[in-house]
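Proteins get letters first, then strands, A, B, ... in listed order; numbering begins at 1 in each. These numbers were taken from a predicted model, which means no experiment stands behind them.
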Protein chains: 2
Amino acid sequence: MSIGIMSTKTIGEKLRQLREENKLPLRKVAALLDIDVAILSKMERGERKLTKKVVLKLANIYKYSADNLLVLFLCDKIMYEIQDEDLGEKALEVAEKRVKYLKANKKK
Amino acid sequence: MSIGIMSTKTIGEKLRQLREENKLPLRKVAALLDIDVAILSKMERGERKLTKKVVLKLANIYKYSADNLLVLFLCDKIMYEIQDEDLGEKALEVAEKRVKYLKANKKK
DNA sequence: ATTATTTTTGACAGATTATGTCAATAGGAA
DNA sequence: TTCCTATTGACATAATCTGTCAAAAATAAT
């Protein structure tokens, strides 16, 4: 998975794009997900939070990479935490170091 | 600010270290913050969430870099979002790209 | 144009989570 | 023990999240 191709869209925007490419109305997708149309509409526009489960179901419905969607999903959550913070970029760097450290020392 | 020196401690652990270095009991710091002792105790042990305001006050009380503490504070929030996620590191990379992109195109 | 379909919006109640207060308990030092 | 500090859990309240619904707006179809 390359990073460049997916750096700008939010998970919601990506999901809307996928739905439109599949020419599916909110109504049908919401039915497949067994959630209300209003909620799906808000999820696509970032007004309601997505869940990992919904993201995975949508990857299956749209036949799109679940990993790509999950990265966008996590990225959105991260961006939400550091929004408008001057030190956001620095915090991301420290977090990366920490993740690498944890991965290197993970329990067996 | 270097990254290496602050990659492993959580914000709570760092705050406890600072308090002990200053030889201040929870009671006194809590009084300065105007919060309950129990809450401060839990904040230092990661059982309660810190707020940006409290972090800044503590930086002032301990005469320690507010930027350093804020980075740890944001880092903890980021780590919380990606905990146990295999794609966490990838999400962090994408988030970094996005932050850089937003910074380059920020409105005036 | 008007009808049908899709999408958005807002209000609402219930569930879940966060927060502050307090008291009891535990731990350590004098 | 006594004193000071720190931890834990229970509780009420506040804030946030979640699903449901209906009305309104936007878009497409006939």
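For the side-chain contact (heavy atoms from CB on, under 4.5 Å) criterion with A/Leu72, the lone passing option out of A/Asp67, A/Leu15, A/Ile11, A/Val55 is A/Ile11.
OP1 or OP2 of C/dT9 has not a single side-chain nitrogen or oxygen of A/Arg48 nearer than 4.0 Å. Taking only side-chain nitrogens and oxygens, B/Lys49 comes nearer than 4.0 Å to OP1 or OP2 of C/dA18. For the pair A/Ser41 and C/dT7, the criterion of a side-chain N or O lying under 4.0 Å from OP1 or OP2 is not met. In this model, the phosphate group of C/dT8 is approached by a side-chain N or O of A/Arg45 to a distance below 4.0 Å at OP1 or OP2.
Atom CD in B/Glu20 sits about 13 Å away from atom P in C/dG28, given to the nearest Å. Across the protein-nucleic acid pair, B/Met43 atom CE and C/dG20 atom C1' stand 10 Å apart, rounded to whole Å. For the pair B/Leu26 CG and C/dG20 P, the interatomic distance rounds to 16 Å; values are reported in whole Å. Atoms CG (B/Asp36) and P (C/dT19) sit 14 Å apart, rounded to a whole Å. Here C/dG20 presents its C1' atom at 14 Å from CG of B/Leu40, a figure rounded to the nearest Å. Atoms CZ (A/Arg27) and P (C/dT8) sit 15 Å apart, rounded to a whole Å. Whole-Å rounding puts the A/Glu44 CD to C/dT6 P distance at 14 Å.
The nucleotide range of DNA chain D contacted by chain A, defined by atoms under 4.0 angstrom from heavy atoms of the protein and reported 5' to 3', is D/dC17 to D/dC21.
Across all strands shown, B/Ile39 has heavy atoms under 4.0 Å from base atoms, whether or not it also approaches the sugar-phosphate.
The shortest distance between side-chain heavy atoms of A/Asn22 and A/Val29 does not fall below 4.5 Å. Taking the side chain as every heavy atom from C-beta outward, A/Arg48 and A/Leu40 never approach each other to under 4.5 Å. Here the side chains of B/Leu92 and B/Ile78 are in contact, with some heavy-atom distance below 4.5 Å. With contacts defined as side-chain heavy-atom distances shorter than 4.5 Å, the pair B/Lys57/B/Leu32 does not qualify.
When every heavy atom of B/Arg45 is checked against every heavy atom of B/Ser41, the shortest pair comes out as NH2-OG, 2.9 Å.
A/Gln17 and A/Glu13 are not linked by any side-chain donor-acceptor pair at a separation below 3.5 angstrom, with hydrogens and angles left out of the test.
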